[in-house]
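Beneath this line is the structure, given in structure tokens, with notes to follow.
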Amino acid sequence: MHHGPLIAIVVAGLGLAFVFGAIAQRLRISPLVGYLAAGVAAGPFTPGFVGDQNLANELAEIGVILLMFGVGLHFSLKDLLSVKTIAVPGAIVQIGIATLLGLGLGTLLGWNLISGAVFGLALSTASTVVLLRALQERRLVQTERGRIAVGWLIVEDMAMVLALVLLPVLAEILGGQPGSGSPPLAARFDLGVWGVLGLTVAKLVGFFAFMLVVGRRVIPWVLHWVAHTGSRELFRLAVLAVALGVAYAAATLFGVSFALGAFFAGMILSESPLSQRAAEETLPLRDAFAVLFFVSVGMLFDPNIVVKAPWSLLATLAIILFGKSIAAWLIVRGFGRSNAVALTISASLAQIGEFSFILAGLGTALGLLPSEGRDLILAGAIFSILLNPVVFALVDRFSGEAPVAKPKPASPDAEAPAAGHADGSEPQPPASPERDIVPTQLSNHIIVVGYGRVGSLLGAGLLSQGSSILVIEDNPEAVATAKRDGAELLVGNAADPEVLSAAAIDRAIRLFVAIPGSFEAGQVCQQARAENATLPIVARAHSDAEVAHLIKCGATLTIMGEAEIARAMLSLCQNVSAAPAEPQATRPDARKADARSDDAAEPPASTSKDPPEEPSTAA
């Protein structure tokens with residue numbers, strides 16, 4: 001009763017995933033490899049503990065739902081449209097080439113055409129997790145090549161979602177194992193091939209219409225109502241109920257896959273202002289079940305495939321690493337992009353991941369793909385993810401463009417603030433820099449880390465005084481606010497030493513750490529103090545323990561918001577007899593003029609939205 005198979009597979013799966021994931025992180029490879037290795041260790045092909053595969057698959061289904069919901073939340077039609085002329089045709093052609101290569105290999109291995117096509121389709125799509133992580137590590141997400149790679153990936157994801165819908169129908173037509181998405185009416189009324197396809201299309205159209213007409217109104221309305229209750233737990237529960245409920249309803253009522261239902265729910269919610277908060281609230285659970293998904297995939301993998309079919313495995317890897325990459329390089333070059341852009345896209349796609357696993361599992365379950373094909377796909381995924389950093393390193397070395405140096409404080413002779421590199425006379429590179437992080441040219445500036453509720457008020461007040469400020473932020477909504485306010489912006493995590501270096505810490509006159517998380521704020525303070533020993537650092541805290549932690553990490557002053565609110569309320573009580581008729585703006589920052597004496601010459605008169613900066617604190 002106390003240690004059933006469900007508890008055993010959850011504990012073993014997460015425990016082994018942690019161990020192998022930590023080892024992978026230590027070896028500087030993707031943790032996905034560690035999660036897959038954990039599944040191999042818990043699978044039936046290795047000695048020791050053997051998990052319940054059926055329960056693992058059930059948990060993996062939840063992982064797929066939450067994973068696809070997350071993909072939908074981050075689906076940006078605007079980003080796709082900005083690179084549609086290359087990403088859409090390029091991805092479609094590349095998927096076709098990879099599918100043909102897989103079909104050819106499947107034919108050589110003696111499989112039928114359908115098995116070869118499913119195999120090739122699984123090899124054609126790259127891992128979202130691996131690609132985004134590789135681009136983020138190289139500061140390429142917001143560059144032209146990054147936008148093309150992400151847009152390319154969105155098209156691939158949409159194609160794979162469509163394949164997940166059509167595979168069960170194809171299995172029904174070909175007499176394979178009927179899937180959960182196969183329409184029961186087709187068998188009851190003997191509709192035939194075209195009837196099955198027509199009924200499937202009708203159900204898809206019905207589902208899309210229902211989600212666009214009803215879901216688009218109901219889902220955001222429900223979440224807005226829950227958000228206004230003020231209960232974080234209820235909001236988190238509502239988001240999970242929407243993701244799982246829509247996925248289950250899509251499969252039960254409309255005969256579409258769980259994956260498509262969850263993806264569409266996320267896509268509908270992505271249009272809401274609450275999408276960012278929904279993504280943050282569900283991230284821990286989504287990550288946990290995604291880990292169990294990768295563990296369950298690893299349990300299916302037979303390591304003996306490396307010994308039993310080495311040449312088949314090498315051919316599979318050749319398709320992933322060379323076939324797809326060469327096709328992508330030729331396509332991008334054919335659209336007139338530079339060699340560096342083409343090589344980056346090629347390296348980004350030289351691996352396979354989540355959708356490949358989902359397609360391999362579904363294809364095997366439907367009888368459309370032999371188990372050997374699934375093993376080759378899993379082995380190809382593991383080895384391609386392992387080799388992807390090597391591919392990127394080779395691209396960085398032989399890209400044909402000058403390597404980009406790590407951001408350091410810019411040299412004094414850089415006059416033009418928006419200038420690109422030494423080549424161009426046209427000042428247009430800001431729209432497409434070589435890296436996301438471009439070192440600032442500012443000197444004697446104030447750095448504001450975090451532009452949320454506190455940071456935006458602080459930044460607006462400083463800007464109104466004419467202070468020169470640099471904002472470090474990575475939240476899209478906060479980034480947009482900082483741009484609207486006219487602040488110079490550095491998109492990234494301030495805890496990253498590269499970001500702090502690009503912010504010219506050594507030339508700054510003050511640093512305000514306005515983020516609420518004390519752990520990350522402490523990292524920022526510690527690294528900033530190491531860069532500039534005399535820099536005044538003001539940090540935000542919520543408790544005495546956080547105050548002590550931030551002071552220990554190098555903060556000069558800390559401001560505890562709760563204490564300042566109480567002080568402001570007390571000041572109202574003290575002044576109630578003197579001036580009862582005129583309630584003024586509550587500003588516990590009456591002492592801030594002297595605190596800013598070295599940043600701005602102007603007194604802070606009538607800056608009612610400027611928050612406190614140096615009131616007395618528990619320092």
Side-chain angles (χ1 to χ4, degrees), residues 21 23-36 83 86-87 90-91 94 98 123-154 156-157 314 316-333 337-356 379-407 421 432-438 491-493 496-499 502:
I23 293 172
Q25 187 75 26
R26 183 70 175 173
L27 296 175
R28 296 181 179 273
I29 58 179
S30 173
L32 287 184
V33 177
Y35 306 152
L36 292 168
V83 292
I86 180 173
Q94 181 254 308
L123 299 183
S124 69
T125 179
S127 166
T128 305
V129 176
V130 176
L131 183 143
L132 288 177
R133 177 166 298 193
L135 293 178
Q136 287 167 351
E137 286 176 353
R138 288 159 182 81
R139 310 296 175 195
L140 292 171
V141 176
Q142 301 299 327
T143 64
E144 180 197 28
R145 63 185 84 177
R147 291 197 305 272
I148 293 174
V150 173
W152 198 297
L153 192 70
I154 289 173
E156 285 188 351
D157 287 354
L314 285 175
T316 302
L317 274 174
I319 292 173
I320 298 170
L321 296 177
F322 300 108
K324 287 172 57 181
S325 299
I326 292 173
W329 184 85
L330 290 172
I331 292 167
V332 176
R333 290 293 282 166
R337 295 306 199 276
S338 69
N339 186 57
V341 172
L343 285 173
T344 300
I345 304 302
S346 301
S348 300
L349 302 174
Q351 38 81 17
I352 58 175
E354 307 89 60
F355 271 114
S356 304
I382 292 172
F383 285 112
S384 67
I385 292 171
L386 272 171
L387 293 172
N388 195 244
V390 178
V391 175
F392 261 106
L394 292 173
V395 165
D396 291 341
R397 195 168 198 178
F398 303 109
S399 62
E401 291 193 357
V404 179
K406 275 204 179 254
H421 300 303
S432 180
E434 283 305 307
R435 289 291 189 273
D436 290 352
I437 295 180
V438 179
V491 179
N493 190 330
D496 184 347
E498 193 175 353
V499 175

Would you call [X] and [Y] a side-chain contact if the rule is heavy atoms closer than 4.5 Å?
X: Trp152; Y: Leu349; answer: yes
X: Lys324; Y: Ile352; answer: yes
X: Ser356; Y: Thr125; answer: yes

Grab the two heavy atoms, one from [X] and one from [Y], that are nearest each other, plus how far apart they are.
X: Val391; Y: Ala350; result: CG1-CB, 4.4 Å
X: Asn339; Y: Arg333; result: N-NH1, 3.0 Å
X: Ala347; Y: Val395; result: CB-CG2, 3.7 Å

Has [X] got a side-chain atom pairing as donor or acceptor with [Y]'s backbone, closer than 3.5 angstrom?
X: Gln94; Y: Ser124; answer: yes
X: Ser325; Y: Ser346; answer: yes
X: Glu156; Y: Ala126; answer: yes

Residue pair Trp329, Ile345: steps toward the side-chain contact (heavy atoms from CB on, under 4.5 Å) verdict: CA-CA 7 Å; Trp329 184 85; Ile345 304 302; over 6 Å; no
Those residues that, when tested against Leu387, pass side-chain contact (heavy atoms from CB on, under 4.5 Å) (two or more places apart):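 Expected list: Leu321.
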CG on Asn388 to CD1 on Ile385, rounded to 0.5 Å: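 The distance works out to 8.5 Å.
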From Ile320 atom CD1 to Leu123 atom CG, the distance as rounded to the nearest 0.5 Å: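 It comes to 5.0 Å.
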Partner set under side-chain hydrogen bond (donor to acceptor under 3.5 Å, both in side chains) for Ser348, not counting sequence neighbours: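 With neighbours one apart ignored, the set is empty.
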